[in-house]
Protein chains: 2
Amino acid sequence: IAKEVAKLLEMKAQLGGDEGKHKFVLKTPKGTRDYSPKQMAIRERVFSAIINCFKRHGAEVIDTPVFELKETLTGKYGEDSKLIYDLKDQGGEQLSLRYDLTVPFARYLAMNKITNIKRYHIAKVYRRDNPAMTRGRYREFYQCDFDIAGQFDPMIPDAECLKIVHEILSDLQLGDFLIKVNDRRILDGMFAVCGVPDSKFRTICSSVDKLDKMLWEEVRSEMVGEKGLSPEAADRIGQYVQLHGGLELIEQLLQDPKLSQNKLAKEGLGDMKLLFEYLTLFGITGKISFDLSLARGLDYYTGVIFEAVLLQQNDHVEELVSVGSVAGGGRYDGLVGMFDPKGRKVPCVGVSIGIERIFSILEQKMEASEEKIRTTETQVLVASAQKKLLEERLKLISELWDAGIKAEILYKKNPKLLNQLQYCEDTGIPLVAIVGEQELKDGVVKLRVVATREEVNIRRESLIEEIRMRTSQL
Amino acid sequence: IAKEVAKLLEMKAQLGGDEGKHKFVLKTPKGTRDYSPKQMAIRERVFSAIINCFKRHGAEVIDTPVFELKETLTGKYGEDSKLIYDLKDQGGEQLSLRYDLTVPFARYLAMNKITNIKRYHIAKVYRRDNPAMTRGRYREFYQCDFDIAGQFDPMIPDAECLKIVHEILSDLQLGDFLIKVNDRRILDGMFAVCGVPDSKFRTICSSVDKLDKMLWEEVRSEMVGEKGLSPEAADRIGQYVQLHGGLELIEQLLQDPKLSQNKLAKEGLGDMKLLFEYLTLFGITGKISFDLSLARGLDYYTGVIFEAVLLQQNDHVEELVSVGSVAGGGRYDGLVGMFDPKGRKVPCVGVSIGIERIFSILEQKMEASEEKIRTTETQVLVASAQKKLLEERLKLISELWDAGIKAEILYKKNPKLLNQLQYCEDTGIPLVAIVGEQELKDGVVKLRVVATREEVNIRRESLIEEIRMRTSQL
């Protein structure tokens with residue numbers, strides 16, 4: 001019995017807590033994560049590259065609340081609506097967390113009667129999806145959106161969106177990538193000429209959307225088996241959706257006896273041709289593929305759609321394979337009209353950079369490399385060589401702060417010099433300003449360069465200038 | 001009858017919508033707002049001043065999810081807990097939107113077993129409070145938090161937090177301000193020597209907290225009437241909470257026959273004296289007031305507490321009056337221990353800048369001034385003087401983008417030169433690069449300075465250098 005009791009006591013101890021006071025789970029909600037200072041350093045590099053690009057293209061920035069009236073989101077996301085987070089009814093309005101930044105943008109335009117804007121918006125969005133966090137799929141994740149709203153000549157803003165994706169993915173040096181392009185009108189025209197009934201367009205479209213993860217045979221059997229499409233129609237679709245290429249494919253389809261007879265498809269193909277002409281002027285067609293299997297799930301797209309995927313050399317096959325989508329977007333000319341009381345339309349086209357996967361890739365890269373990432377920008381540690389110099393350290397650091405120098409002290413009355421130097425080594429602080437009895441008498445401060453261990457006495461009144469000079473060289 | 005029908009039809013037309021499709025309300029949720037590009041420009045200036053200050057003091061940055069497990073927030077906010085937003089139960093965990101950044105920070109420390117960090121965190125928090133948006137009180141609002149966690153010598157990090165508030169409020173040039181300081185231990189000691197029963201400490205504390213908005217007489221009657229405190233105890237409290245001052249008041253209270261006998265109060269007063277010595281070295285005691293009426297509502301504070309208020313000249317009275325709190329903070333040594341399975345404590349002190357009120361003040365200032373705020377950073381508009389030059393414009397702007405120049409074009413095939421110049425005037429773009437038939441033949445681009453209307457032909461190969469040179473001067 002004593003043995004059993006001891007065992008039970010041990011188990012209780014392992015479960016922790018003397019009085020069981022702390023029995024809650026210590027975690028972040030499912031599908032979410034904290035960002036540590038190191039991760040934030042990477043995140044800020046990525047954001048800065050993306051924001052620089054958006055600003056280079058003349059975008060303004062806006063922000064909207066993290067939640068919207070529930071009805072604002074209703075009917076915009078098709079089958080994905082079930083993934084929306086709702087807030088609890090605590091009296092008052094029914095609210096939901098935003099699912100993307102596009103619908104809030106359209107609501108913003110309609111509400112403020114804006115018919116012409118080029119803006120970016122970087123913020124978190126929320127989807128109750130099955131998280132796959134190792135592959136960068138979270139329930140809370142950042143989107144970086146750039147959109148152009150307004151009535152313009154065809155395909156000029158659309159081409160700029162693709163240029164932006166190209167610039168950002170090149171900038172971030174993530175390796176090879178491919179931007180797939182298609183058009184909702186080409187898809188719809190294709191479904192029509194293949195004999196898909198109007199009522200089945202959306203659901204067949206969402207089957208096509210799975211072609212990046214499933215083989216055609218599987219998608220075909222979903223179309224025929226689950227969705228009741230005739231095998232003949234499915235086979236006709238199969239012949240189209242396996243096509244991809246560039247201008248020559250567009251020309252070929254413009255001659256296609258069936259597609260060329262369909263008004264929507266013809267419009268879409270004409271615009272696609274124009275788009276490729278502009279992309280040629282931008283010099284980026286090498287990474288663009290007109291791909292008839294690209295569908296994209298969201299209901300609101302009306303014209304051009306696109307998606308960028310990163311490519312990796314696969315060990316087993318010769319060719320590069322996609323390791324997942326990092327950006328997507330398209331034209332949505334009807335969305336603002338859904339919010340406008342009089343249904344007035346504002347044509348829009350935009351791109352969304354999904355940076356979580358980019359983070360994971362860069363994080364892995366950083367960890368693999370020897371590069372040490374600093375998580376602070378501190379230029380100088382104010383240290384003391386002897387005891388009882390806290391007051392002098394406080395006086396000096398206050399002067400430095402007021403002069404705009406980034407400075408720290410250890411929060412100890414009498415820290416050891418060795419500990420102070422070690423702190424600089426650990427955190428990458430390049431300079432130490434050391435006060436000591438003798439230096440105080442002489443009116444100087446000893447400035448030590450951490451990397452070289454070089455020490456020089458600097459007159460107190462020249463110290464700020466000296467630190468500025470030395471840290472601007474670094 | 002015809003008249004009536006016409007009236008009804010007119011009313012229907014006014015209500016908008018042919019089929020009543022668009023009957024929803026077009027708004028953001030109660031207590032929230034969008035930020036327009038102009039507001040974002042102000043917001044980014046404020047953030048940049050604050051982030052610069054935090055970095056100057058050597059802080060790292062972290063981020064946490066917008067929602068936490070509900071139980072993470074439970075029991076941390078006292079009476080204010082009723083203001084927490086809960087998410088709907090859609091299966092899975094019970095979640096709530098974060099109420100501040102302090103509790104998520106403590107959860108982060110405990111979860112990652114971090115015992116030593118200096119970090120900042122800037123993010124939105126959520127409170128189902130009664131919004132007063134004209135005065136900058138929202139249900140979704142930003143907090144900018146700086147905290148120091150770790151076992152250090154007394155009052156050194158605490159003094160740095162006050163220095164930070166002083167630096168930020170001075171930087172932003174919001175006018176005069178005052179930082180009120182008190183200590184939870186002094187408050188508790190004071191309640192004890194005034195004869196407040198232990199069980200009433202928290203509720204009497206929250207009455208004292210109202211002294212910034214209510215007269216002492218009203219607060220007294222709440223204590224006696226609603227909260228059942230004896231009139232004698234209330235009067236004794238009244239004598240203390242109307243005191244404020246500096247080092248001399250601390251000395252006086254250290255001699256106070258009753259307070260000096262109370263262990264907690266004595267500890268608090270001793271630390272307050274030390275704090276004022278450090279603040280004197282920082283040279284900022286002029287804007288600091290030791291104020292016995294400062295209580296702060298949150299449950300988790302254990303030591304020093306403080307709050308910064310902006311002061312304004314009142315029309316009717318001689319003295320400056322407070323126009324509301326813009327920063328607050330204090331020491332919370334027990335909060336991390338509430339999350340640690342073994343109750344291990346990590347002492348923390350921190351400050352939170354509440355920037356919504358700062359925004360409203362700066363927004364009003366900007367509107368009153370003549371200063372025109374640019375919402376983009378575009379350096380050059382690529383324009384054409386004749387028709388049929390879209391291709392040339394696209395080629396040129398692509399070169400500029402690739403060289404890192406911030407450039408725009410109008411999204412028209414054949415825009416009028418006048419419209420292109422007008423766009424520059426409207427948006428503040430300083431330069432126009434004009435392509436025309438003759439310029440193309442000559443291998444030059446006409447560069448126009450919008451402000452002076454000066455025009456010079458620049459050789460195509462020197463254009464990027466010329467734009468860089470001219471925009472770095474601006």
Side-chain angles (χ1 to χ4, degrees), chain A residues 16-17 22 24 26 28-30 32 34-37 40 55-56 58 60-69 71 85-88 90 92-93 95 108 110-111 119 124 128 140 152-153 156-157 167 278 281-283 339 341-343 375-378 391 394-395 398 401 406 408 411-413, chain B residues 16-17 22 24 26 28-30 32 34-37 40 55-56 58 60-69 71 85-88 90 92-93 95 108 110-111 119 124 128 140 152-153 156-157 167 278 281-283 339 341-343 375-378 391 394-395 398 401 406 408 411-413:
Chain A
H22 304 288
F24 53 80
L26 198 54
T28 62
K30 186 179 176 190
T32 69
D34 298 316
Y35 283 83
S36 71
M40 285 298 284
K55 287 189 173 172
R56 193 156 61 235
E60 304 180 280
V61 56
I62 71 160
D63 193 20
T64 66
V66 80
F67 42 60
E68 295 278 344
L69 299 186
E71 58 181 359
Y85 276 98
D86 291 328
L87 267 72
K88 191 169 154 186
Q90 294 171 294
E93 300 159 333
L95 306 174
Y108 173 80
M111 192 173 130
R119 79 89 182 81
K124 288 174 178 175
R128 296 178 56 255
E140 175 188 61
F152 302 117
D153 282 329
I156 312 178
E167 283 179 24
Y278 296 158
L281 293 165
F282 287 161
F339 290 108
K342 293 189 181 154
T375 54
T376 69
E377 299 177 7
T378 309
E391 283 73 16
L394 291 178
K395 257 203 283 189
S398 183
W401 285 331
K406 294 169 189 146
E408 290 184 68
Y411 302 122
K412 294 272 167 197
K413 265 186 103 87
Chain B
H22 305 286
F24 53 81
L26 198 55
T28 62
K30 186 178 176 189
T32 69
D34 297 316
Y35 283 84
S36 70
M40 286 298 285
K55 286 189 173 172
R56 193 157 60 235
E60 304 180 281
V61 56
I62 69 159
D63 193 21
T64 66
V66 81
F67 43 60
E68 293 279 345
L69 298 187
E71 59 181 359
Y85 277 98
D86 292 327
L87 268 73
K88 191 169 153 186
Q90 294 170 292
E93 300 159 333
L95 306 175
Y108 173 81
M111 193 173 130
R119 80 89 181 82
K124 289 175 176 175
R128 296 178 55 254
E140 175 187 60
F152 302 116
D153 281 331
I156 312 178
E167 284 179 24
Y278 296 158
L281 294 166
F282 288 160
F339 289 108
K342 294 189 178 154
T375 54
T376 69
E377 298 176 9
T378 310
E391 284 72 15
L394 292 178
K395 258 202 280 188
S398 183
W401 284 333
K406 293 170 189 146
E408 289 184 69
Y411 302 122
K412 295 271 169 200
K413 264 185 103 84

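Below, each value reflects all heavy atoms present in this structure, side chains not excepted, and no hydrogens, waters or symmetry copies. Each chain gets a letter, A, B and so on, in the order the sequences are listed, and its residues count up from 1.
Contacts of Tyr108(A) classified as ring pair (Phe, Tyr, Trp, His ring centres under 6.0 Å), with partners at least two apart in sequence or in another chain: none. Remark: Thr32(B) pairs with Pro65(A), Phe67(A), Thr28(B), Pro29(B), Glu140(B) by the side chain to side chain contact (heavy atoms under 4.5 Å, CB included) rule, at least two apart or across chains.
Each of Ile156(A), Ile62(A), Thr64(A), Asp86(A) has some count of heavy-atom pairs under 4.5 Å with chain B, and the biggest count is that of Asp86(A). When each of Glu167(B), Lys395(B), Glu391(B), Met40(B) is scored by its heavy-atom pairs under 4.5 Å with chain A, the top score falls to Met40(B). Counting heavy-atom pairs closer than 4.5 Å to chain B, the top-ranked of the candidates Thr378(A), Leu87(A), Thr375(A) is Leu87(A). Highest contact tally toward chain B, considering only Lys55(A), Lys88(A), Lys406(A), is held by Lys88(A) [criterion: heavy-atom pairs under 4.5 Å]. Among Gly283(B), Gly58(B), Gly92(B), the residue with the largest count of heavy-atom pairs under 4.5 Å with chain A is Gly58(B).
Residue Leu95(A) touches chain B through its side chain alone, counting heavy-atom pairs closer than 4.5 Å. Proximity to chain A (any heavy atom under 4.5 Å) is restricted, for Lys124(B), to the side chain, taken from C-beta onward.
Nearest heavy atom pair, residue Tyr278(B) against residue Leu394(A), reads CD2-CD1, 3.4 Å.
Looking at Gln90(A) and Tyr85(B), their side chains come closer than 4.5 Å, going by heavy atoms from C-beta outward. At a threshold of 4.5 Å between non-hydrogen side-chain atoms, the residues Asp63(B) and Asp34(A) do not count as touching.
Once rounded to the nearest 0.5 Å, the distance linking CD of Glu408(B) with CH2 of Trp401(B) reads 9.0 Å.
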